[in-house]
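Worksheet: one structure, shown below.
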Amino acid sequence: MIFSKSKKNAGEDANVSSESEDVSAEETGLPPETGATTGYFRRLKDRLSKTRKTLSDGFDRIFAGKKQIDADLLEELEELLITSDIGVETALALIEKVSSAKISEVDQIKSFLKDEILKILEPQPRQPERQLAAPQVIMIVGVNGTGKTTTIGKMAASATASGKKVLIAAADTFRAAAIEQLMIWAERAQAEIVKHKEKADPAAVAFDAVQAAEARGSDLVLIDTAGRLHTKVNLMEELKKIKRAISKKIPDAPHEILLVLDATTGQNALSQAELFNSALGVTGLALTKLDGTAKGGIVIGICNTLKIPLKYIGIGEKIEDLQKFDAAQFVDALF
Ligand SMILES: Nc1nc2c(ncn2[C@@H]2O[C@H](COP(=O)(O)OP(=O)(O)OP(=O)(O)O)[C@@H](O)[C@H]2O)c(=O)[nH]1
Ligand SMILES: [Mg+2]
């Protein structure tokens, strides 16, 4: 761990990476996006290979031997976009743009689409990270199996690697195994953990964790929550109760409610987002398992449909397989 480094804003987690290129970037103080990120980008590209294959091979197939843009070509293009799980609405909007752009050369369509997709993914310039008083509290929510606990482990590792003091709260008390799984991640990430027994009140765990974080001077608190209870109504009520318990201790906390969505569940992810957002007010999204799907177009559909910023993408099961979402880099890795 790099404790000698001056502490950065608690929201500004460095990208996790085991690549040597990134270590040197860290040492030079360069942000990870600039210059020496070949390894980081290569891994992203590699992990998106299934989706890239769907899109790139699809484009090649559609454009092969075609000289003009006609209705047939547009129809095939639309089908391809829908196959990659971009969603019907977003696919139709993109096709509409292509047909009204009066592109004359077939081989210009790909770069036109790339630009349009980038516009969807990055609708406005990135906001500078807000300076927050420590501890920053992030509550992680999502249906069961989407990757909440794994994402917490990866985020914690990233934050401790950049010199932050991290505390994880085991507020998924529904199963004993959930607490054990989180303990393993906390150890790997060199983070502290606050836990109670199985079936304990999750709101009490969250409250204790925030209290401990204040007492111990933690920079970041990551709150794991259950993805399944007996009913969806129960789950939403429990999550609301956790949120209230946190704000009793720190009035403007949780500073982030991060919804974890599984990319392989396709359009289902969108309805989950609506459900969680209306109950809790989701402030950011993490989309996991992009390495395991040929339908990574879901990223584009999600950014186009939900007006919630996509903050992280999960591209594997390992501790370094979480990246801050970077629209330009993502589009480059796809095309
Ligand atoms: N390939 C891949 N697998 C992932 C990724 N993120 C999580 N997983 C896997 O998804 C499975 C479920 O992850 P968990 O972190 O346990 O999910 P959870 O949301 O905490 O699940 P519950 O606690 O049951 O609600 C595990 O096998 C993870 O290794 C990812 O980005 N890529
Ligand atoms: Mg879990």
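Quick note: residue numbers are just sequence positions, from 1. As a basis for the values below, the full set of heavy atoms in this structure was taken, side chains included, without hydrogen atoms, waters or symmetry mates.
- Using a 4.5 Å heavy-atom cutoff, the side chains of Val205 and Lys195 are not in contact.
- Here the closest non-hydrogen pair linking Ile223 and Ala206 is CD1-CB, 4.1 Å.
- A donor-acceptor pair under 3.5 Å is absent between the side-chain atoms of Thr146 and the main chain of Leu261, judged by distance alone.
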Derivation and outcome, side chain to side chain contact (heavy atoms under 4.5 Å, CB included), residues Leu239 and Met139: CA-CA 9 Å; Leu239 294 173; Met139 186 173 157; 4.1 Å; yes

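- Listed by chain and residue number, Ile138, Leu258, Thr283, Lys311 satisfy the side chain to side chain contact (heavy atoms under 4.5 Å, CB included) test with Glu256 (two or more places apart in sequence, or in another chain).
- Between the side chain of Arg188 and the main chain of Lys154, no donor-acceptor pair closer than 3.5 Å is present.
- No salt bridge links Glu317 with Lys289; every basic N to acidic carboxylate O contact stays at or beyond 4.0 Å.
- Listed by first then second residue, pairs satisfying salt bridge (Lys or Arg N to Asp or Glu O under 4.0 Å) with a partner in residues 290-303 number zero, not counting sequence neighbours.
- In this structure, the side chain to side chain contact (heavy atoms under 4.5 Å, CB included) partners of Glu238, at least two apart in sequence or on a different chain, are Pro202, Ala226, Leu229, Ile242.
- Put simply, the side chain of Thr151 does not reach to within 4.5 Å of the side chain of Ile140, judged on heavy atoms.
- Proximity of the aromatic rings of Phe325 and Phe330 is defined here by a centroid distance below 6.0 angstrom, and this criterion is met.
- Taking all atoms of both residues into account, the shortest heavy-atom contact from Ile168 to Ala156 is CD1-CB, 3.9 Å.
- By the criterion of side-chain heavy atoms lying less than 4.5 angstrom apart, applied directly or through intervening Ile, Leu, Val, Met, Phe, Trp or Tyr residues, Ile82 is not grouped with Leu80; the two fall into different hydrophobic clusters.
- In this structure, Asn268 and Ser271 approach most closely via the heavy-atom pair O-OG, 2.9 Å.
- Within the 4.5 Å cutoff, side-chain heavy atoms of Arg216 are placed close to those of Glu192.
- Residues Leu259 and Asn277 have side chains not in contact (no heavy-atom distance under 4.5 Å, counting atoms from C-beta outward).
- Under the side chain to side chain donor-acceptor pair (under 3.5 Å) criterion, Thr264 pairs with Asp262, sequence neighbours left out.
- Of all heavy-atom pairs between Leu220 and Ala159, the closest is CD2-CB, 3.7 Å.
- Residues Phe112 and Leu121 are members of one and the same hydrophobic cluster, defined by side-chain heavy-atom contacts under 4.5 angstrom among Ile, Leu, Val, Met, Phe, Trp and Tyr.
- In this structure Phe59 satisfies the ring-ring contact (aromatic ring centres under 6.0 Å, His included) test together with Phe63, Phe335, sequence neighbours excluded.
- Evaluation of the side-chain hydrogen bond (donor to acceptor under 3.5 Å, both in side chains) test over residues 88-102, restricted to residues two or more places apart or in two chains, returns Thr90-Asn304.
- Residue pairs satisfying the salt bridge (Lys or Arg N to Asp or Glu O under 4.0 Å) criterion with at least one member in residues 168-184, sequence neighbours excluded, are absent.
- With sequence neighbours excluded, the residues satisfying side chain to side chain contact (heavy atoms under 4.5 Å, CB included) with Ala333 are Phe41, Leu44, Lys45, Leu48.
- Here Leu322 contributes atom CG and Ser158 contributes atom OG; the two are 7.5 Å apart, rounded to the nearest 0.5 Å.
- Heavy-atom minimum distance, Ile302 versus Ala269: CD1-CB, 4.4 Å.
- Here the CD1-CZ distance, from Ile246 to Arg244, works out to 11.5 Å after rounding to the nearest 0.5 Å.
- For residues 54-80, every residue pair satisfying the side-chain hydrogen bond (donor to acceptor under 3.5 Å, both in side chains) rule, not counting sequence neighbours, is listed here: Lys53-Asp57, Lys66-Glu76.
- In terms of hydrophobic clustering, with Ile, Leu, Val, Met, Phe, Trp and Tyr side chains grouped at heavy-atom distances under 4.5 Å, Met183 and Leu222 are assigned to a common cluster.
- Counting heavy atoms from C-beta outward, Asp46 and Arg42 have side chains that stay 4.5 Å or more apart.
- Under a 3.5 Å cut-off, the side chain of Lys148 and the backbone N or O of Val143 do form a donor-acceptor pair.
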Verdict with supporting geometry, Thr51 and Leu334, side chain to side chain contact (heavy atoms under 4.5 Å, CB included): CA-CA 7 Å; Thr51 300; Leu334 268 196; 3.6 Å; yes

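- Taking each heavy atom of Lys50 and Thr293 in turn, the nearest pair found is CB-O, 3.3 Å.
- Annotation: side chain of Ile152 is in contact with side chain of Leu182 (closest heavy-atom distance under 4.5 Å).
- A heavy-atom distance below 4.5 Å is found between the side chains of Leu287 and Val299.
- Among residues two or more places apart in sequence or in another chain, the side chain to side chain donor-acceptor pair (under 3.5 Å) test is passed with Lys110 by none.
- With contacts defined as side-chain heavy-atom distances shorter than 4.5 Å, the pair Pro135/Asp219 does not qualify.
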Residue pair Arg47, Asp321: steps toward the salt bridge (Lys or Arg N to Asp or Glu O under 4.0 Å) verdict: CA-CA 9 Å; Arg47 296 303 167 82; Asp321 291 331; 3.1 Å; yes

Derivation of the side chain to side chain contact (heavy atoms under 4.5 Å, CB included) call for Ile120 and Leu94: CA-CA 10 Å; Ile120 293 176; Leu94 280 169; 4.2 Å; yes

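- With a 6.0 Å cutoff to the six-membered ring centre and a 45° limit on the axis angle, Lys248 does not count as a cation-pi contact of Phe207.
- Taking the side chain to side chain donor-acceptor pair (under 3.5 Å) definition, one finds that Lys249 meets it with nothing, sequence neighbours left out.
- One finds the OH atom of Tyr312 at 5.5 Å from the NZ atom of Lys324 (value rounded to the nearest 0.5 Å).
- Taking Thr149 as the reference, Asp224 meet the side chain to side chain donor-acceptor pair (under 3.5 Å) condition, with sequence neighbours excluded.
- With hydrophobic clusters built from ILVMFWY side chains whose heavy atoms lie under 4.5 angstrom apart, Leu92 does not share a cluster with Leu81.
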Side chain to side chain contact (heavy atoms under 4.5 Å, CB included) between Phe276 and Met236, intermediate numbers included: CA-CA 8 Å; Phe276 279 85; Met236 292 307 151; 3.6 Å; yes

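- Taking a 6.0 Å sphere around CD of Glu187, one finds it holds 12 or fewer heavy atoms contributed by other residues, nucleotides or ligands.
- Remark: Ser84 OG to Ile298 CD1 distance equals 9.0 Å, nearest 0.5 Å.
- Side-chain N or O atoms of His255 include none that pairs as donor or acceptor with a backbone N or O of Gln136 at under 3.5 Å.
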